Every structure is written in structure tokens, then in C-alpha cells.
Amino acid sequence: MCGIVGYTGADTAKSILTDGLKRLEYRGYDSAGVALERMGDAGSCELDVVRRTGKVAGLESELVARDDASTCGIGHTRWATHGRPTQANAHPHVSCDHRIAVVHNGIIENFAELRVELEERGHRFASETDTEVFAHLIEEAYAREHDLMAAVRAACTRVVGAYGIAVVCADEPGVIAVARKDSPIVVGRGERGSYVASDVIALIDATRDVVVLEDGQFARLSPDGIEYTDAEGACIEPEVTHIDWDIDTAEKGGYPDFMLKEIYEQPRVVRDTLVGRLSPSGELDIDELGLSFEELDLIDRVYVIACGTSYHAGLIAKNLIEGWARIPCEVEAASEFRYRNPIITPSTLVVAVSQSGETADTLAAIRDARIKGAKVFGITNVVGSPVARESDGVIYTKANKEIAVASTKSFIGQVVSLTLLAMLLGQVKGRLTTRQVRMLFHELGDTAAQIQWILDTQVEAVHKAALACRDAHSALFVGRGMGAAISCEGALKLKEVSYLHAEAYAAGEMKHGPIALIDPGFPVIAVTTKSPTYDKVVSNLKECEARGAMIVAIATAGDEDIRAIADHVIYIPPVRDAFSAITATVPLQLLARDVAVLRRCDVDQPRNLAKSVTVE
Ligand code: AGP
């Protein structure tokens, strides 16, 4: 959560910072701010700190009146953790003498003790944030060291928690000090200067060769270059990562919002995620697993740990892993897993699923699982992310950068990746033959065209259903088996983008309580695809229909009977039940987005949310 940027070079810093912050806004949008270095009349440097509540656009308007002279600065977009989303709590935070400014992403766990200690020594705090202790600690250390990098290193030794920070000091104009622990930081050198950001998306216009800073590494940015050091101040040469995805990803490309654009990218995501996964001899190829076939064969229990939408991808995987490999598979919210003392042995495989690769709960669960002796396998969308680095093996979903806060295409990438994993486990356990795997693989590939068919033909039907849901106060999503798991994702999507309360329920459980909610017009969105439980779901729907529910059915093309009970039908092409999540989720994504647009919600940046949840 929170995004930081920094620039020092030959160009105007102001616009580079605000452009970068806009690209990082998915990380939080409670407030935004910058600290720009300016040369005063006497030739000395001063820090001009401008902060505003709300989105970056407000800050940008404020900065219009400022001249373009500054060529060095840092910026921040905030998702409030410690302290309300007020202007006083907006970053950057400054030292008492106003010579040092800090932007921070992360949580400082011992900030309360540090604050008391610093106040006792005379420091005055202007905010309720944890971050401000950094500004005062660096101020004290700078008075001793007279060197910004040394002062930042010293301050970091006092802090417990997670941080990615960028610091400027009016006494060292043109220098930005950067440090990282458990919070993402990328640094890059462009033709016109040096850049830092929480995410490569903010600096990809300037360079495609970036350094993803490791924990305990520091960077000193100046207009002439970047120096990297370790915690002792010794020079290091970090690995350079080349970014190969296209900048188009960061633009809406003619779509009204990123969510819609990303939904339409899903056929490509399926295809890209499968590229190179089947060898010419028909074997599945998941080298990155980091486990030999012999080791995989010993696995007798799988946990999928994840949060939110990624957790729902896990629910789909459970059906597949248990169905094809006959290995017991549990799916757990990462935030619960670590507090529950789960049964883990050396033959347990923990699969951690995270789009961002930096979700705090998922990371904490990975660490816990490793300590207990499990092999951990990560599925993430972000190359070099903490989840990737802390897992024994990793599959990268090929969604490319996902910008809308509501996950869509990354979910599809996760489900496809988990499907491959389930097929591999099935093969290793001798439950699936090579021939069956090859057939499944090709059918999995076909889902790309099936998604395209939905996007090409069902948008109007979705829109009619959305109109019918627009003024509801609540909605139920129901299904059985795969349909129940898909319903969970449908309900989450609707909640987060349209603010309409929604709940997912296994259709057979309706009569045990939730059916009491149904009154005339109550929306029930049902996954009624042709599956082994189709008839049962239809019976459950009839019970809802009898009580006046307004039924939206996600049904298999050709199923005309469903029209007898459903007010609205959205079709998906016929598909094997195992792959139905990949297609049936798409109309639910479209529906949620459509309802949100009709309700005039901010589709890409729903209130109170941030894309990367780096707090526990
Ligand atoms: C998805 O639409 C949500 N914004 C959210 O539930 C998300 O899936 C969750 O925070 C997990 O994020 P991750 O995949 O980056 O770990």
C-alpha cells in the first residue's frame, strides 16, 4: 500500500513525480504529496513540501502555480494505516528543521516507542503517522554523520517493521537516499536522470532496465548515477532486471476504465500463460516448480494460501487438485493460516497465490509454512516480488501489469496456472495419463476463444441484467461445486466495485437460512452451467423463483430451459466443468463493472481499497 516516487536529473521534477504518482495511485489514494528541492535567494537549497488529501489530481492542480525549476524531488500517494487520511498525515514528512523529507511505504511497528524517545529529546511531531519517526531519526543521525546515506543507514537500524523509503536533504541537493525492507522498491537510470518508485510502472517511460532493491540494500541517486550499498555501507552490484512488457499496459487504450480493458485482455492471458508449457513430447513443462517428479510424488497434502480474489482461485484449484491428483487440498485465507497451527510435514506443499506478490498476510504465511518445513510454491504476477523470492519455486501468471484495483485478468492467469499445477500433480500421482494431460491442455487453451465469444456476444445480456441489479440493496450469488467457488468471486467483484452488498452461498445451503432474504425482486445470480449438479442448482433456483427472486443465470449456450425460471440469462460456451471457472467468471466480472458504472462508482479505484495490501 502507498506508492513512492523520486527523481533527480536534468528535467523538471514536478511533472515526473505527479505522472509517476498517477500510475501508482492503484496502491492508495487517500492523499498525495511531494517534496521538491528549490534553490533559495541566498543560493541555499530549501524543501518545498506540498500535500493534499484525496487523489493525485488535486495535488497536481495545486502544483500548477509552482514553477518548473526544481529538478529533484520525492512524492507519495497514501493508503492510510497509522493516522487518518488528513493533510497533516499526508507524506512527505519532514524533520524539525525542515531540511529532511521522507516518503515511506510500509509499517513501522515500534513507532510509538521511538516517538516517545524522540519527543523526550525535543523533537516536535506534526502528524499521527508512524513514518514521521523516520524524518526525526534521520535528522538526529545527520547531525552526527553529516552524510545522508550514513544517516539513513543509522536510522534504519532503529526501526522495526517494513519500509521502502526515499529521502531528500536540503543540505545535499540532488541526492535521494533509498532504503528497503519488506516493501518493494525499484530504482532505474534513464538518459535524463535517476528514478526510484514502488513499482516499475512509474519509471518504465525512462528505462526498462531496473534494479529491484533487496532487503537491507541502499541506493544513492544523483543526477549523474546510482550507487548501491549494503547495510554497512560497502558498495554492491545488484542484479539488473529487464522489463519486457509493453507500456500500453499502463494506458487505457481507448477503454473507459482499466477494469474493462483488463477483462478484455483475458483471452491473451490464457494464451500467454500456456505458452511453452507443453513439450513436443506432450509432457507438461513447469520447470520453475523447483521440485523433481520424485519429490512431487511424495506430496500428500496441499494448502493453497491467499487472500481475496487469489483465495477464490484457490477454491477452484481445490476442486482440480483433489479431483485429478486425489491429494487432500485445503484453501485458507493467509490471514488465518498463520494463527492456526496447521498440520505441516515435509511432504506438505504450500501454494501461495498473490497477484501483487507483496500481500503481507500471504508473505507472513509463507514464512510460517517454511519454518514448519513445508515446500512453498508461489503463483504471482510480479517478477521478483517478495512472494516469488521467498518461495522454493514460482509460476508467473502472464497477466502483465494489472492496474484496476479489482482483479480480473490476474485471477484468470492464476486459475490457468493452478490448473496446470493440478494436471501435473495428477500426472505424477499416476491418476492422469500423458494422453489425458495433452487433451486437457488443449481444452484449457480453448478457453481463450471461449472467453472471446462471451466478450463478443454477451455484453448486451450482461447490461440488461446489470440494469435489473442497479437499484438493489443486496444480492446473492449461488452455485454448486465449481459454481459455488465462481460465485464467491462474482460476489466479491460486485461488492468491491459497486458497493452493493453481495454474498456467495452454496446453492444447496440456501434453504438452511439465506432463502429468508428473498422477497420479490431480490437478485439471485446463479451459476447454472451444464455440470454434474445442474439439476440440483435448477431445483434450488426454483425455490428462489417461487419466492419472487429476480434470477440472473450464467448458463451454457443452448440451454433454453433455463429461461423458464431465469429473468436474465447470460451464456457461456459449453466447457468441461473443470474449466468452467475460466469462462463463467467473465460475465460476473462484466456484470459487476456494469452495475458499478450504472451506480456511478469509481470502477478502477473503489473507496477504501488499495491494490497491494502490505499491512496485516
Ligand atoms: C481483488 O479484486 C481484490 N482487490 C483483493 O481481494 C485482492 O485479490 C487481495 O488483496 C489479494 O491480493 P494479491 O493477489 O495481490 O495477494
Side-chain angles (χ1 to χ4, degrees), residues 1 3 25-29 79 182-184 198-199 201 257-260 262-263 266 269 304-317 331-338 350-366 376 378-391 394-397 399-415 417-418 485-486 488-499 502 504 585-586 588-593 596 601-616:
M1 317 188 109
E25 221 167 15
Y26 72 88
R27 302 181 67 88
Y29 28 85
W79 189 85
D182 291 335
S183 189
S198 301
D199 184 331
I201 199 160
D257 47 74
F258 281 109
M259 185 177 178
L260 190 62
E262 290 165 358
I263 290 171
Q266 294 181 120
V269 175
V304 181
I305 50 171
C307 303
T309 286
S310 302
Y311 170 83
H312 297 152
L315 296 179
I316 311 290
V331 189
E332 293 224 21
S335 53
E336 295 292 322
F337 179 81
R338 48 190 296 235
V350 169
V351 182
V353 187
S354 173
Q355 185 285 129
S356 62
E358 56 173 317
T359 297
D361 286 320
T362 308
L363 277 172
I366 289 176
V376 177
I379 294 185
T380 180
N381 197 32
V382 179
V383 176
S385 60
V387 164
R389 288 197 285 198
E390 298 196 24
S391 299
V394 63
I395 291 186
Y396 287 115
T397 51
N400 289 347
K401 185 76 199 165
E402 188 175 64
I403 293 177
V405 166
S407 293
T408 53
K409 61 175 180 170
S410 66
F411 173 78
I412 296 298
Q414 290 167 349
V415 174
S417 303
L418 287 161
I486 297 164
C488 292
E489 179 55 9
L492 176 62
K493 281 291 87 81
L494 189 67
K495 270 185 275 212
E496 68 177 333
V497 298
S498 76
Y499 314 148
T585 307
V586 177
L588 299 180
Q589 297 167 339
L590 288 168
L591 180 72
R593 186 231 164 234
C601 299
D602 186 337
V603 172
D604 286 338
Q605 294 176 347
R607 68 186 177 205
N608 305 339
L609 297 180
K611 183 102 185 131
S612 300
V613 184
T614 55
V615 292
E616 292 178 28

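All figures in this text were calculated on a predicted structure; none of them were measured in a lab. Whatever order the structure lists them in is the order used to number ligands and atoms, beginning at 1.
- Checked by atom type and distance alone, the side chain of Asp604 pairs as donor or acceptor with a backbone atom of Met259 at under 3.5 Å.
- Looking at Glu496 against ligand 1, only its side chain comes within 4.0 Å, counting heavy atoms.
- Ligand 1 has at least one atom lying under 4.0 Å from a heavy atom of Lys493.
- Within the listing of ligand 1, atoms 8 (O), 13 (P), 14 (O) sit less than 4.0 angstrom from a heavy atom of Ser310.
- Atoms of ligand 1 lying under 4.0 Å from at least one heavy atom of Ala406, given by number and element, are 2 (O).
- For ligand 1, one of its N or O atoms has an N or O atom of Val405 under 3.5 Å away.
- Just one residue in the list Thr408, Thr585, Thr309 forms a side-chain hydrogen bond (donor to acceptor under 3.5 Å, both in side chains) with Glu489, and that residue is Thr309.
- Counting the atoms of ligand 1 from 1 in the order shown, those under 4.0 Å from a heavy atom of Ser407 are 1 (C), 2 (O).
- Short contacts between ligand 1 and Gln355, defined as distances under 4.0 Å to a heavy atom of the residue, involve ligand atoms 13 (P), 14 (O), 15 (O), 16 (O).
- When the heavy atoms of Thr408, Val382, Thr309 are ranked by distance to atom 7 (C) of ligand 1, first place goes to Thr309.
- Val613 CG2, 3.8 Å is the protein heavy atom nearest to atom 10 (O) of ligand 1.
- Considering backbone and side-chain N/O of Gln414, none are found under 3.5 Å from N/O of ligand 1.
- A donor-acceptor pair is defined here as one N or O able to donate and one able to accept, closer than 3.5 Å; such a pair exists between the side chain of Tyr29 and the backbone of Leu609.
- Listed here is the closest heavy atom pair of Glu402 and Lys611: OE1-NZ, 2.7 Å.
- Closest heavy-atom contact between Gly378 and Val387: CA-CG1, 4.2 Å.
- In plain terms, the two heavy atoms of Gln414 and Ser354 that are nearest each other are NE2-C, 4.0 Å.
- For atom 6 (O) of ligand 1, the closest heavy atom belonging to the protein is Gly308 CA, 3.2 Å.
- The shortest heavy-atom contact between Val382 and Tyr396 is O-CE2, 3.4 Å.
- For atom 11 (C) of ligand 1, the closest non-hydrogen atom of the protein is Cys307 O, 3.3 Å.
- If you check which protein heavy atom lies closest to atom 16 (O) of ligand 1, you get Thr359 OG1, 2.4 Å.
- Put simply, the residue from Ile403, Val269, Asp257 that forms a side chain to side chain contact (heavy atoms under 4.5 Å, CB included) with Glu262 is Ile403.
- Closest approach of Lys493 and Ser407 over heavy atoms only: NZ-O, 2.8 Å.
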